[in-house]
S.K.: 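Please find one structure pasted underneath; my questions will follow.
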Amino acid sequence: MIKHIILVVLLCFFGQTVYSQTKYTYRSPLNIPLAISANFGELRPNHFHMGVDFKTNGVEGLSLFAVEDGFISRVKVSPFGYGKVIYIDHPNGVTSVYAHCSAFKGKLDSIVKLTQEKEQNFEVEIYFTEKDIPVKKGDLIALSGNTGSSTAPHLHFELRDTKTEDALNPLLYGFEIADYKAPEIRGIKVYSLTNEGYQIPGKAKYFKVTKGQFGYYVGGDLISIPSDFSTLLGGIGFAVEVVDFVDGSTNTCGLFGSALKTEKDTLFCQEIKRVSFDETRYINSHKDYVEYTVNKRKFHKSFKTDENPLDMYSCSQNNGVIPVKPGDTLAIHYAAFDLKGNKSELKFKTAVLAGSPNTTATIFPSWKYLFPDSSYHFHSDQAEFYVKEMTFYEPTLKNLSLKGTFSLGDAKTPIQQAITVKLKSSNKPTSKNYLAVTTAGGRIKPLATSIEGEWFTAESMYLGSFSIKTDTLAPSITPLNFKETDLVTTKKRLTWKVMEYQTLLSDYDLFIDGKWVLLEYEEKSNYVFYDRPSTFTGEHELLLIAKDRCGNVKEWRKKIKFQ
Ligand SMILES: [Zn+2]
């Protein structure tokens, strides 16, 4: 039985804490020295990085071990996301997660393969009880890999609170990485804000931060902002662009903690220790979304809206909204730190120029904007949009069209939960029709669509313009590591490229002499492959079938002799 998790606070300075861990008995999931290529809490599209990425020497196939006694509670095989992933529940209330594996080992491997065969599906998810597959600390459970959305071999490792499934920062819970490098401050941004912490459109200013011999500098230690950043309805807020590093690696890591102080007060602090999966998408409210997507700058806001529920703000005065008047000068002190206590600081003054404040009484008129705390239903005889409360992070331009073209909001604006879109078809609907949304990049994205009478319904995680499309094109199938004309092969693995051009692949199956065999699928590369057992030889008939969501089917047949 593992002792309770105890965090010992060693030092406190500038509202910042250095953590040390005791009473952990986890072993490493790998048998090589632990090095990370990504840390917990890094800013990613629509989520914080919920674990750490352990390096695997750039290769697949390293042995992965259970970090503590427990039992395998869940396993999943998917061509997306975590790929092949194992969850182990431990008696201390923590679950360890091993993602992007290339293969499972032992009893687990046989159970997964039997289930795949029974369900005739590569994609499976199985939940277990503690009696099914108990494991001992150090048991070999899998081989490391690059499956799912991973783009290079590594082990994505997580610790979760078993009960809440919150992701825990593994570097605070028993896994240590040498780190003597302080975070690097790269930029500052100042925003004009409403009282609710909403950004006032067009009123934000970016300042580049430089690293000098004696520390960090911005604008000769004095930056100035226009007088109309001051508003009677709110104040100003700051965001800091920071990346971090660990020893023995050139990878940039995410920021663990920051504190924003004025002369008198500590105004806003963050420390990423745990993140709930239900809330991780609120990263779109935490980071400066436009800087992240357009300029690739990783800004952490030191202010928040009331709707932002993230549990990482260890101090917050007035949500970080600082009331100012034209002519005011503020002394600002930023500290950015990692969980080893390495710290960088930036001190500067912010002058609000003399002049007129912003006196606009209604910054977000309700005929023009949609609000985070409201639900909406827009409809005409051709279209309907349903929007739940807590869908928007900020007041969002309505941009509504319900006739001829159908749109709501802007594809560039992130949302927290799906909106429901209903469009009426002007022609008789067929199974080849589907609803699609045009994304920010101009890409047409298919939506999982249900058709009832003339009405098409779909849930969309994107705002923007919606339309009914038709897909009559089947996927294509092309041999990748052998030739269409080959009559004989010595290959142990046969690989094909399967491309679906409009919607998504819904099914892919390989039959050999009429019998279903396991065909693995990697969505990121669009390839499927079959690994034959070494004893499997002789001439056989292969039939590969690929089907898209609109039911368009491609069949690929061939007799081939395995040697
Ligand atoms: Zn990862």
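We count ligands from 1, going down the list as the structure has it; atoms in each ligand are counted the same way. The first residue in the sequence is number 1, and the count goes up from there. Computed from a predicted model, the values in this text were never measured in an experiment.
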S.K.: Indicate if the distance from the Zn ion (ligand 1) to the nearest N, O or S atom of His100 falls below 2.8 Å.
M.R.: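 Not a single backbone or side-chain N, O or S atom of His100 is under 2.8 Å from the Zn ion (ligand 1).
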S.K.: Could you tell me if the side chain of Asn526 sits less than 4.5 Å from the side chain of Glu523, heavy atoms only?
M.R.: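 A side-chain contact is absent here, since even the closest heavy-atom pair is not under 4.5 Å.
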S.K.: About how many Å separate OG1 of Thr147 and CD of Glu60, when rounded to the nearest 0.5 Å?
M.R.: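 Taking CD in Glu60 and OG1 in Thr147, the distance rounds to 8.0 Å.
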S.K.: Assess Lys343 against Phe337: is NZ or CZ under 6.0 Å from the centre of the six-membered ring, and within 45 degrees of the ring's axis?
M.R.: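 Checked: cation-pi criterion not met.
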S.K.: Output the atom name for the N/O/S atom of His156 with the smallest distance to the Zn ion (ligand 1).
M.R.: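 Closest to the Zn ion (ligand 1) among those atoms: ND1.
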S.K.: Do you see an N/O/S atom of His154, backbone or side chain, under 2.8 Å from the Zn ion (ligand 1)?
M.R.: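 It does not: His154 brings no N, O or S atom closer than 2.8 Å to the Zn ion (ligand 1).
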S.K.: Looking only at atom types and distance, does a side-chain atom of Glu176 sit under 3.5 Å from a main-chain N or O of Ala178, one as donor and one as acceptor?
M.R.: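 Looks like no, no N/O pair under 3.5 Å.
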S.K.: Tell me, which N, O or S atom in Asp53 is closest to the Zn ion (ligand 1)?
M.R.: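 The nearest such atom is OD1.
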